[in-house]
Structure formats: C-alpha cells, structure tokens
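For ligands, and for the atoms within them, numbers begin at 1 and follow the listed sequence.
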Amino acid sequence: MNLDKEMLPKHLAIIMDGNGRWAKQQGKPRIFGHEKGAKTVREIIQEVSEIGIPYLTLYAFSTENWKRPKLEVEALMHLLSRYLKKEVAIMQENNIRLNAIGDLESLPAKVRKELYKAMEQTQNNTSTTVSLALAYGGQQELLQMTQQLAQRVQQGLLIPQQITPELIQQTLYTQNIPPVDLLIRTSGECRISNFLLWQIAYAELYFTDILWPDFSPEELRKALANYQNRERRFGKTSEQL
Ligand code: IPE
Ligand code: IPE
Ligand code: MG
C-alpha cells in the first residue's frame with residue numbers, strides 16, 4: 001500500500017481492544033489473548049517507526065480496567081513488567097523513546113520500576129515516541145489538570161484569564177505531544193472509553209472489526225491509507241483549504 005510521506009499523522013493513537021474475545025475464539029483463557037496482544041504491540045511499534053510517524057500512543061490499561069477480576073489485573077501487570085524488561089533492547093535498536101501517561105503512582109511498584117527504567121534508558125532516542133497509557137483515564141487527566149491550575153490560582157501564581165487552551169495542554173499528561181490526528185480502535189466497538197478526551201478534539205476516527213491480536217502491519221497501512229483520503233477541514237469549507 002502506497003502511503004504519502006507528506007500526509008502521515010504526526011500523532012497516532014490506538015485503543016487496542018479485543019484480546020479477550022480473540023482468546024475465547026481459540027478456546028483459551030483471556031490472558032492468552034493479552035500475551036498475543038503484546039506481540040502485536042511489538043510489531044506495530046516497529047512498523048510505526050519504520051513508516052516515520054513521530055508520536056504513537058497506545059491504550060494499554062484504563063482506570064476502569066482496575067474493576068476487572070483480580071486475577072486478570074494481576075496477570076496483566078505481570079505481563080506488563082515482563083514486556084517492559086524484554087522490550088528495552090528492541091526499543092534501543094530501533095531508536096524508540098518510551099513514555100507513559102496515566103496515574104502511574106497507582107501501578108504496582110515492580111511495574112513502575114521497569115517502566116521508569118525503560119523510560120530513562122530510551123530518553124535520548126529520536127525516532128518514534130511511544131506513550132503507553134497505563135492506569136489512564138481521560139476524565140481523571142482533566143481532573144488533575146483542573147486541580148493543578150486551581151491550586152496555582154489559589155497560590156496567586158496565576159489569574160483565571162491566563163488559563164488558555166495552550167496552558168491546559170501543557171498541564172495534561174501529554175504536555176509536549178501534538179494533538180491526535182488519527183485514532184484507531186480495533187474489535188468493532190465504536191466508543192472512546194475515556195481515552196485522550198482533550199487530545200482527540202479534531203482526530204479522524206477509524207474503527208475496524210479486527211481483534212487486536214490479529215491487527216497487522218498491513219491493517220495499519222490500510223488505516224493510514226484511509227486517513228490520507230480524508231479531508232480535514234477544521235471547521236472551514238472545502239474551498240478554503
Ligand atoms: C483489550 O482487550 C486489552 C485491555 C483492555 C487490557 P480486552 O481485554 O478488552 O478484550 P475484550 O474486549 O474483552 O475482547
Ligand atoms: C479500552 O478497552 C481500554 C483499553 C484498550 C486498555 P475496554 O475493553 O476496557 O473498553 P470497554 O470497557 O469495552 O469500553
Ligand atoms: Mg475490551
């Protein structure tokens with residue numbers, strides 16, 4: 001599939017959904033789907049950096065996912081720390097920088113340790129910045145931003161008139177990351193599930209029935225080709241563009 005290098009999204013975000021259903025189809029426990037899903041993550045990160053997209057954000061664990069059965073949450077956390085341990089070398093090889101967004105303090109200490117280590121080791125890499133959304137909720141992110149700004153006002157460091165969209169952006173977890181251009185969700189669900197609420201204001205949305213463990217570099221290219229055929233008007237008329 002031919003992609004126009006000039007028209008790639010700067011920021012691609014993906015809601016990686018469907019691991020559980022994929023495992024069920026195989027008659028296997030849900031965690032089996034998460035393990036296969038982790039392999040897909042590796043392939044997709046590699047493809048995104050080869051294509052030349054500078055920012056990739058992956059929804060890996062939501063605030064709401066804490067409500068899943070304890071055993072599944074534990075298995076996911078275990079998988080995550082194993083993944084991080086193993087993945088740093090591959091990220092280094094591919095010049096990929098790892099970042100994380102979400103309520104990272106709520107993660108188990110072991111996961112946090114691997115996460116910070118991987119982030120530190122890859123901090124000078126310059127191809128794609130991959131942000132893992134972990135214990136992430138869009139509403140929670142907006143809440144912590146509001147509380148931080150309110151506190152600065154209370155301390156007399158800021159007046160309400162100084163609160164601009166740019167300042168709000170700077171106070172989110174995604175501080176220095178541009179807005180989302182393309183949001184992909186796998187597994188056929190057509191909802192946002194509390195992901196990047198501020199950042200997707202003008203994103204193009206792409207939904208596919210493919211379950212995340214089956215999502216391939218070809219499917220990614222298909223989504224990008226579809227994106228390149230859209231007209232992003234940002235409120236203007238076609239003639240104004
Ligand atoms: C996405 O797959 C992974 C996480 C939310 C952690 P699911 O586990 O939600 O899979 P389905 O939606 O049940 O198939
Ligand atoms: C969204 O998937 C969160 C992640 C992919 C990490 P869910 O499977 O948790 O979403 P809902 O609950 O079906 O909306
Ligand atoms: Mg799901």
Side-chain angles (χ1 to χ4, degrees), residues 11-45 48 55-87 98-108 110-112 114-115 118 130-143 172-174 177 180 182-200 203 205-216 219-220 223:
H11 184 177
L12 167 66
I14 308 181
I15 303 177
M16 311 184 289
D17 198 11
N19 294 351
R21 276 163 284 170
W22 185 89
K24 199 168 177 191
Q25 281 178 359
Q26 325 271 316
K28 300 262 174 54
R30 292 177 59 84
I31 189 64
F32 189 75
H34 296 313
E35 276 167 13
K36 181 69 171 40
K39 294 206 176 96
T40 308
V41 172
R42 177 177 313 141
E43 280 172 20
I44 295 301
I45 291 179
V48 164
Y55 295 96
L56 172 67
T57 303
L58 298 171
Y59 206 3
F61 192 84
S62 73
T63 333
E64 290 70 29
N65 288 149
W66 289 120
K67 295 180 207 152
R68 290 192 178 191
K70 192 166 168 268
L71 274 179
E72 181 169 346
V73 173
E74 279 173 7
L76 275 169
M77 292 300 147
H78 182 67
L79 175 64
L80 189 60
S81 69
R82 259 197 301 146
Y83 172 86
L84 288 166
K85 218 177 196 153
K86 216 161 79 187
E87 230 41 33
L98 185 73
N99 178 42
I101 59 171
D103 179 13
L104 305 181
E105 293 305 304
S106 70
L107 295 168
K110 199 161 166 281
V111 175
R112 235 181 310 144
E114 295 299 340
L115 188 62
V130 176
S131 301
L132 289 183
L134 295 170
Y136 176 88
Q139 290 184 339
Q140 289 76 1
E141 179 180 38
L142 294 172
L143 177 66
L172 298 174
Y173 297 133
T174 49
I177 299 177
V180 176
L182 173 62
L183 172 69
I184 297 175
R185 183 172 189 148
T186 59
S187 92
E189 310 298 351
C190 298
R191 55 178 173 260
I192 300 299
S193 301
N194 203 13
F195 193 38
L196 300 175
L197 299 178
W198 173 275
Q199 299 86 339
I200 61 166
L205 309 180
Y206 181 88
F207 298 101
T208 168
D209 285 339
I210 310 262
L211 303 174
W212 177 250
D214 289 329
F215 194 73
S216 60
E219 290 299 331
L220 172 68

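A salt bridge links Glu189 and Arg21; the closest N-O separation between the charged side-chain nitrogens and carboxylate oxygens is under 4.0 Å.
Of all protein N/O/S atoms, those under 2.8 Å from the Mg ion (ligand 3) are Asp17 OD1, and waters are not counted.
For atom 9 (O) of ligand 2, the closest heavy atom belonging to the protein is Asn65 ND2, 2.9 Å. From the protein, the heavy atom lying nearest to atom 1 (C) of ligand 1 is Met16 O, 3.0 Å. The nearest protein atom to atom 10 (O) of ligand 1, hydrogens excluded, is given as Gly20 N, 2.9 Å; this is a heavy-atom distance. Remark: minimum distance from atom 2 (O) of ligand 2 to any protein heavy atom is reached at Arg185 NH2, 3.7 Å.
For residues 130-140, no pair satisfies salt bridge (charged side-chain N to carboxylate O under 4.0 Å, His left out), with sequence neighbours left out.
Counting only heavy atoms from C-beta outward, the side chains of Ile177 and Asn99 approach each other to under 4.5 Å. Counting heavy atoms from C-beta on, the side chains of Leu220 and Glu43 never come closer than 4.5 Å.
In terms of modelled atom types and a separation under 3.5 Å, the side chain of Ser62 and the main chain of Tyr136 share no donor-acceptor contact.
Here is the list of ligand 1 atoms found below 4.0 Å of a heavy atom in Ala60: 6 (C). Listed by atom number, the atoms of ligand 2 under 4.0 Å from Phe61 heavy atoms are 6 (C).
When the heavy-atom distances from atom 7 (P) of ligand 2 to Arg68, Lys67, Arg21, Arg191 are ranked, the shortest goes to Arg68.
Close to ligand 1: Gly18, with a non-hydrogen atom less than 4.0 angstrom away. Ligand 1 lies less than 4.0 angstrom from a heavy atom belonging to Arg30.
Residue contacts with ligand 2, taken as heavy atom pairs separated by less than 4.0 Å, do not involve Phe195 at all. Neither the backbone nor the side chain of Leu211 has any atom closer than 4.0 Å to an atom of ligand 1 (non-hydrogen atoms only). Neither the backbone nor the side chain of Glu189 comes within contact range of ligand 1; no heavy atom lies under 4.0 Å.
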